[in-house]
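Here is the structure we will look at.
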Amino acid sequence: MDNIALLAQSELFADLDASELERILADAHTVGLSRNEVLFNQGDPAEALYGVRTGRVAISLQSPDGRESVLTLMEAGDVFGDMPIFDGEPRSAQARALEASDLLCVPYPAIKAVLAERPAVLWTVVAMLSRRLRTTDAALADSVFLDVTGRTAKRLLELAGDADTFALPITQEELAGLVGASRERVNKAISAFVRMGWLDQVDRRYRIADRAQLLRRAR
C-alpha cells in the first residue's frame with residue numbers, strides 16, 4: 001500500500017493534504033515483523049505510530065500470570081500507536097504480529113509539527129478519541145451483560161463481516177483472548193453453535209448457517 005494513501009485513510013490524518021502528509025513521512029521507515037514478534041510492550045516508551053502495510057497485528061494486555069486479552073486486531077490499512085502523541089505517556093498495550101507483517105513507522109515529531117500548524121484538525125482528533133471511548137464503553141457493556149457464549153457469537157460475527165464463509169485469521173488461543181475467556185469455554189460455545197446448526201466448522205474455516213440466531217445470541 002502506498003504510504004501517503006495509508007495515512008490519508010486514517011482518521012487522524014484525513015484532513016491533511018498531500019504536502020503535509022509528505023512532511024510527516026519524511027523520516028518514516030518500514031519495519032518487518034515475523035509471526036509472534038513483539039513490536040512493543042505495555043509500558044515501553046513511545047516515539048512513533050505505525051501503519052499496517054501488510055499482515056495483521058494484535059493489540060493486547062497481559063496479566064501478571066501471563067494471560068492475554070486481545071483488545072483489537074490491526075490489519076492492512078490500519079494505523080495504531082497514536083495516543084502518546086497527545087498525552088506523552090508510555091505504551092498502554094502490547095503490539096504483536098499475528099503473521100509476517102510489514103509496517104510503516106512514523107516518528108512523532110513531524111506529526112506534532114504539522115498538527116501544531118493546523119489546530120483545527122484537532123477537532124477531528126477529538127471526534128476520533130470520542131469514538132474510541134464509545135467503543136470502550138461498548139466493550140465494557142459486553143463484559144457485563146454478555147456471557148462467554150454471547151461474546152463468542154459477537155466476535156465471530158465481527159471477524160466474518162458480511163461474508164458467510166470465512167477463515168479464522170487468528171488461533172483459538174487468540175480468539176479466546178479477544179473474547180476474554182478461556183480457550184476451553186470459547187471452544188465449548190463454538191461447539192454449541194455447530195450442534196444447533198448455526199455454524200459449520202472445518203478446522204479454522206467457518207460457514208455461518210444461521211446468522212439471525214448468532215445475532216440474537218450476540219445481543
Practice task
Can you see which heavy atom on Ala218 is nearest to which on Leu146, and at what distance?
Solution key: O-CD1, 3.5 Å
Handout entry: Between CG on residue Asn3 and CG on residue Leu25, distance to nearest 0.5 Å
Key = 5.5 Å
Problem - side chain to side chain contact (heavy atoms under 4.5 Å, CB included) assessment of Val121 paired with Leu16 - result: CA-CA 8 Å; Val121 173; Leu16 300 181; 4.0 Å; yes
Handout entry: Closest contact, heavy atoms only, Cys105 versus Ala48
Key = SG-CB, 3.6 Å
Problem - Phe80 with Ile170, same ILVMFWY side-chain cluster at under 4.5 Å - result: no
Problem - 4.5 Å side-chain heavy-atom contact, Val194 and Asp200 - result: no
Problem - Any donor-acceptor pair under 3.5 Å from Gln9 side chain to Gly77 backbone - result: yes
Problem - More than 12 heavy atoms from other groups under 6.0 Å of CD on Glu75 - result: yes
Completion exercise
Taken to the nearest 0.5 Å, the spacing of Tyr50 OH from Leu6 CG works out to 14.0 Å
Problem - Validation row: Pro107, Asp27 side chains within 4.5 angstrom (heavy atoms) - result: yes
Practice task
Would you mind listing every side-chain hydrogen bond (donor to acceptor under 3.5 Å, both in side chains) that reaches into residues 80-91, with sequence neighbours excluded?
Solution key: Asp82-Arg132, Arg91-Tyr108
Handout entry: Common cluster, Ile208/Met196, ILVMFWY with side-chain heavy-atom separation under 4.5 Å
Key = yes
Practice task
Measure the shortest side-chain to side-chain distance between Gln42 and Ser92 over non-hydrogen atoms and say whether it is less than 4.5 angstrom.
Solution key: no
Exercise for the section: Please check if the side chain of Glu174 supplies one atom and the backbone of Thr171 the other of a donor-acceptor pair under 3.5 Å. Expected result: yes
Practice task
Measure the spacing between CG of Leu115 and CD1 of Ile24 and express it to the nearest 0.5 Å.
Solution key: 6.0 Å
Handout entry: Glu20/Arg23 ion pair, N-O < 4.0 Å
Key = no
Handout entry: Spacing of Leu175 atom CG and Leu73 atom CG [to the nearest 0.5 Å]
Key = 9.5 Å
Problem - No-hydrogen, no-angle side-chain donor-acceptor test under 3.5 Å, Ser19 and Glu22 - result: no
Problem - Verdict with reasoning, Phe86 to Leu122, per side chain to side chain contact (heavy atoms under 4.5 Å, CB included) - result: CA-CA 10 Å; Phe86 308 105; Leu122 294 178; 4.3 Å; yes
Practice task
Return yes when atom CE of Met128 has more than 12 non-hydrogen atoms of other residues, nucleotides or ligands closer than 6.0 Å, and no otherwise.
Solution key: yes
Exercise for the section: Carefully, step by step, assess Val106 and Leu104 under the rule side chain to side chain contact (heavy atoms under 4.5 Å, CB included). Expected result: CA-CA 6 Å; Val106 186; Leu104 175 68; 3.9 Å; yes
Problem - Considering all heavy atoms, the nearest Asn41-Asp44 contact - result: N-OD2, 2.8 Å
Problem - Side chain Asp147, main chain Gly150, donor-acceptor under 3.5 Å - result: yes
Practice task
From the options Asp2, Asp102, Thr30, select the one residue that forms a side chain to side chain donor-acceptor pair (under 3.5 Å) with Arg53.
Solution key: Asp102
Handout entry: Close side-chain approach of Leu98 to Val57, heavy-atom, < 4.5 Å
Key = no
Exercise for the section: Answer yes or no: is there a donor N or O on one side and an acceptor on the other, between the side chain of Arg151 and the main chain of Gly180, under 3.5 Å? Expected result: yes
Handout entry: Pair Asp15-Thr124, side-chain donor/acceptor within less than 3.5 Å
Key = yes
Problem - Smallest separation among heavy atoms of Ile4 and Ala18, with atom names - result: CD1-O, 4.5 Å
Mind listing the side-chain donor-acceptor pairs of residues 185-192 below 3.5 Å, one per line with the distance, residues two or more places apart or on another chain?
residue : atom : partner : partner atom : Å
Asn187  : ND2  : Arg183  : O            : 3.4
Ser191  : OG   : Asn187  : O            : 2.9

Problem - Pairing residues for Phe40 by the ring pair (Phe, Tyr, Trp, His ring centres under 6.0 Å) criterion, not counting sequence neighbours - result: none
Handout entry: Donor-acceptor pair between Glu99 and Ser101 side chains, under 3.5 angstrom
Key = no
Practice task
Find out if a path of hydrophobic residues (ILVMFWY) with successive side-chain heavy-atom gaps under 4.5 Å connects Met74 to Val38.
Solution key: no
Exercise for the section: Determine, step by step, whether Val114 and Phe13 satisfy the side chain to side chain contact (heavy atoms under 4.5 Å, CB included) criterion, reporting the C-alpha distance in whole Å, the side-chain angles of both residues, the deciding distance to 0.1 Å, and the verdict. Expected result: CA-CA 10 Å; Val114 170; Phe13 302 114; over 6 Å; no
Exercise for the section: Look at the side-chain heavy atoms of Ile, Leu, Val, Met, Phe, Trp and Tyr, link any pair under 4.5 Å apart, and say whether Met83 and Leu12 land in one connected group. Expected result: no
Handout entry: Phe166 reachable from Phe193 in the ILVMFWY side-chain graph, under 4.5 Å edges
Key = yes
Handout entry: Salt-bridge contact Asp142-Arg155 (side-chain N to carboxylate O under 4.0 Å)
Key = yes
Exercise for the section: Taking all non-hydrogen atoms of both residues into account, name the closest pair between Pro84 and Gly81 and its distance. Expected result: CD-O, 3.7 Å
Handout entry: Minimal non-hydrogen separation, Gly43 against Pro90, with atom names
Key = O-CB, 3.5 Å
Handout entry: Interatomic spacing from CG in Leu156 to CZ in Arg211 - rounded to 0.5 Å
Key = 11.0 Å
Practice task
Output the distance between atom CZ (Arg217) and atom CG (Asp210), rounded to the nearest 0.5 Å.
Solution key: 14.0 Å
